[in-house]
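What you are looking at is a predicted structure, and each value in this text was computed from that prediction instead of being measured. Both ligands and their constituent atoms are indexed starting at 1 by order of listing.
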Amino acid sequence: MLNNMKAIIRAIKKAKSIALFTHISPDFDALGSSISLYYALKQKGKNVNIFINDQLTEAQKELIDENIIKRECNFNQFDLFICTDTPSKHRLGVYGDIFINAKNNIVLDHHLNDKLIGKYNYIDSSRSSCSEISYELIKNLHVKLTPQISSLLYMGLTADTNSFINSNTNTKSLYIAYKLAKEQANLIKINEVLYRKRTIKEIELKKYLWNNYVKEDDITYCLVSFDTLNKLNANKSDCDFFSTELISLQGTNISFSIIESSPNFYEISFRSKSGYDVRNIASILGGGGHVCAAGAKVQGNKIEDIKDKILEIIKRGKD
Ligand SMILES: [Mn+2]
């Protein structure tokens, strides 16, 4: 079933015990969209548990009480399973099988996708963030927007719009941000953690990025081999901002980074200016995402070969 909010509300009202999930390497929207629901469903008197495959980052821990996150459990006790910000079994990590084998499950997501893996699916790619969808659900459940819930939703919203500057920002996202700010979302703390804190490591990575980027026509990219990653004492997620940073360079319409996260395993992140579609490029490589922000994972022997292949795909698309 697709985008039937009433059916989803009915399923939630009927459930006594609910298990929540979100994707591996959770970003702020994954956490905001799922943890806001955790508190909202608790307010509704539900027995709720939330399961996340990975550890939180130091920055995330500043905004989220990590003690609520569980790793293991007897999953038979739950009569409803909800996942946010992904419709992919694989992206749920160790919980993938548990989720898709559940009889009663709900997927909430904002990525363009034709996969429906839940009994109920609410998938709206016009939404800037999954936190917007959680907001709608929480409003429909008539849950009080506490400062805590408002902050979690605002955190997801601002993160996925990159502080309301990405092209996915629209009147709905701005309106919801206004509503959340009115309900005491902690804007100061969220802005401080997301936009006003830079570690020495981040600055070192930025130095590497701007010393090593390559610009070919309107395409700008940066490659990070496994060796380099180790020399920078970094991991893949530390370099997640590379493609976003590169798209800001004058004359760039498409940017990408290739990070060799483990030997011969490459994670590619694409960004584009409006009018340019990187989702297509990522999907040719077996990945996906949004028109202006997408990604893929590939294997290969040489990072240069992967880069050449990407440039060829982009150039082919232009012809
Ligand atoms: Mn998201």
Side-chain angles (χ1 to χ4, degrees), residues 3 20-38 40 50-54 56-57 59-60 63-64 69 82-93 95-96 99 106-118 121-138 149-170 172-177 180 185 190 193-195 236-237 240-241 243-244 247 267 269-272 278-279 282-283 287-297:
N3 293 6
L20 290 166
F21 305 88
T22 192
H23 61 75
I24 51 175
S25 311
D27 53 26
F28 282 103
D29 182 39
L31 296 170
S33 59
S34 57
I35 299 175
S36 59
L37 279 180
Y38 171 86
I50 182 158
F51 302 89
I52 298 176
N53 195 86
D54 299 301
L56 301 189
T57 64
Q60 288 168 345
L63 297 171
I64 290 156
I69 299 169
I82 305 176
C83 82
T84 72
D85 207 32
T86 182
S88 150
K89 175 193 150 184
H90 161 75
R91 299 264 296 148
L92 292 173
Y95 307 113
F99 184 80
I106 301 172
V107 176
L108 307 174
D109 190 29
H110 70 119
H111 296 93
L112 259 184
N113 211 297
D114 42 21
K115 266 188 267 168
L116 298 180
I117 62 166
N121 301 275
Y122 200 95
I123 297 169
D124 184 354
S125 63
S126 76
R127 295 296 190 162
S128 68
S129 54
C130 195
S131 295
E132 270 194 37
I133 297 171
S134 292
Y135 169 86
E136 298 296 349
L137 181 55
I138 287 168
I149 293 175
S150 301
S151 295
L152 287 160
L153 292 169
Y154 188 90
M155 178 188 85
L157 189 47
T158 183
D160 259 24
T161 55
N162 190 17
S163 189
F164 307 98
I165 59 171
N166 284 355
S167 59
N168 59 1
T169 309
N170 54 34
K172 272 184 206 161
S173 30
L174 292 169
Y175 177 74
I176 294 172
L180 296 172
I190 294 166
V193 172
L194 266 65
Y195 310 113
K236 185 256 155 194
S237 63
D240 279 349
F241 69 91
S243 55
T244 304
I247 197 69
E267 301 196 39
S269 167
F270 294 98
R271 292 291 181 274
S272 68
V278 285
R279 185 177 175 261
S283 67
H290 303 282
V291 170
C292 62
K297 292 175 185 178

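Of all heavy-atom pairs between S131 and L153, the closest is O-CD2, 3.3 Å.
Ring pair F164/Y154 is tilted by interplanar angle, where 30° to 60° counts as tilted.
Ordered by chain and number, D29 OD2, D85 OD1, H110 NE2, D160 OD2 make up the set of protein N, O or S atoms under 2.8 Å of the Mn ion (ligand 1).
Residues N121 and L108 have side chains not in contact (no heavy-atom distance under 4.5 Å, counting atoms from C-beta outward).
If you run side-chain contact (heavy atoms from CB on, under 4.5 Å) between L152 and each of L63, L37, I35, L31, only I35 comes through. Of the listed residues (L92, I52, T86, T84), just one forms a side-chain contact (heavy atoms from CB on, under 4.5 Å) with F21, and that residue is L92.
With T22 contributing its side chain and S33 its backbone, the two residues share no donor-acceptor pair below 3.5 Å.
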